[in-house]
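What follows is a single structure, written as structure tokens, with notes after it.
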Amino acid sequence: MALDLTAEHKMLLALALKAQQNAHAPYSNFKVGAAIIDENAQLHASCNVENAAYPLGQCAEAGAISAMIASGSKQIKQILITSPNDEFCPPCGGCRQKIAEFASADTQVHMATQKGEIKTLKIADLLPLTFSLP
Ligand code: THU
């Protein structure tokens, strides 16, 4: 099947795949990459970073969000997550909340496989009834 990827999809996919190669995942052997386009059209990418003290491990999405915030941007327009296989890797529950903190209702969450197949959902559909403070 021919894939119809936009230029933004291609950039996000390339960046996430590159970061994924550097993932530190010796405990799960499950390498993940993530890339963001923010409100200033800047790109940010990261990978999961595990730790021998298991709960200290950090998801790929969290690293990409940290990079975005450190750069001065505040809004995730699109985020793409690359799985290490041919299945989609939906963001974990904690990462959905982390994405929602910097998202708008139409923020797109792309899930990509190693084959480059992409499935897109809105954060509002992945995390309905998002917790936020008034
Ligand atoms: N992981 C992510 O990086 N993002 C997700 O949304 C799901 C899970 C990582 C955490 C851990 O290093 C590995 O995948 C296995 O759970």
Side-chain angles (χ1 to χ4, degrees):
M1 191 184 82
L3 293 174
D4 185 19
L5 299 185
T6 66
E8 283 178 338
H9 281 131
K10 284 181 190 163
M11 278 191 305
L12 285 171
L13 182 59
L15 268 181
L17 287 170
K18 189 159 180 274
Q20 184 177 23
Q21 287 176 5
N22 297 327
H24 178 69
Y27 308 106
S28 71
N29 283 315
F30 193 86
K31 292 186 168 192
V32 181
I36 289 172
I37 297 185
D38 68 28
E39 77 274 26
N40 300 310
Q42 305 277 12
L43 295 159
H44 312 278
S46 195
C47 53
N48 52 334
V49 183
E50 296 183 349
N51 194 284
Y54 294 172
L56 297 180
Q58 178 170 272
C59 286
E61 296 91 320
I65 291 169
S66 293
M68 180 191 81
I69 294 301
S71 82
S73 295
K74 285 282 184 203
Q75 274 180 45
I76 301 172
K77 291 294 177 193
Q78 302 185 44
I79 181 167
L80 183 145
I81 300 141
T82 47
S83 78
N85 50 38
D86 293 335
E87 305 283 320
F88 295 111
C89 175
C92 75
C95 284
R96 294 179 197 203
Q97 180 70 26
K98 287 179 184 179
I99 294 167
E101 178 78 12
F102 303 106
S104 44
D106 60 349
T107 294
Q108 293 186 327
V109 180
H110 308 295
M111 289 156 274
T113 67
Q114 283 296 304
K115 278 186 189 151
E117 196 181 349
I118 296 181
K119 182 179 190 170
T120 301
L121 288 170
K122 287 184 181 164
I123 187 64
D125 293 325
L126 279 167
L127 189 66
L129 290 177
T130 307
F131 174 75
S132 63
L133 290 175

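Starting from 1, each residue takes its place in the sequence as its number. Atoms within each ligand, like the ligands themselves, are counted from 1 in listed order.
For atom 16 (O) of ligand 1, no protein heavy-atom neighbour is found at a distance under 4.0 Å.
Taking a cut-off of under 4.0 Å to the non-hydrogen atoms of Glu50, the atoms of ligand 1 that pass are 11 (C), 12 (O), 13 (C). Taking every heavy atom of Ser28 and a limit of under 4.0 angstrom, the matching atoms of ligand 1 come to 13 (C), 15 (C). Close contacts of ligand 1 with Glu61, meaning ligand atoms under 4.0 Å from a residue heavy atom, involve 2 (C), 3 (O), 4 (N), 5 (C), 6 (O).
Using modelled atom types and a 3.5 Å distance limit, the side chains of Glu50 and Ser28 yield a donor-acceptor pair.
At a 3.5 angstrom cut-off on N or O pairs, Cys89 does not count as close to ligand 1.
The backbone N or O of Ser73 sits nowhere less than 3.5 Å from a side-chain atom of Asn40 that would complete a donor-acceptor pair.
Surrounding CD of Gln114 are more than 12 heavy atoms belonging to other residues, nucleotides or ligands, all under 6.0 Å away.
Under the 4.0 angstrom criterion for non-hydrogen atoms, Cys92 is in contact with ligand 1. At least one heavy atom of Pro91 sits less than 4.0 Å from an atom of ligand 1.
Evaluated for a side chain to side chain contact (heavy atoms under 4.5 Å, CB included) with Met68, the options Ile36, Ile79, Leu43 yield exactly one hit, Ile36.
From the protein, the heavy atom lying nearest to atom 1 (N) of ligand 1 is Cys59 SG, 3.7 Å. Atom 9 (C) of ligand 1 has Asn48 ND2, 3.5 Å as its closest protein atom, hydrogens excluded (heavy atom only). For atom 3 (O) of ligand 1, the closest heavy atom belonging to the protein is Ala60 N, 2.9 Å.
Between atom CG of residue Leu80 and atom CD of residue Glu61 there is a gap of 10.5 Å, rounded to the nearest 0.5 Å.
Taking all atoms of both residues into account, the shortest heavy-atom contact from Ser104 to Ile123 is O-CG2, 3.6 Å. The two residues Asn48 and Phe30 have their closest heavy-atom pair at ND2-O, 2.8 Å.
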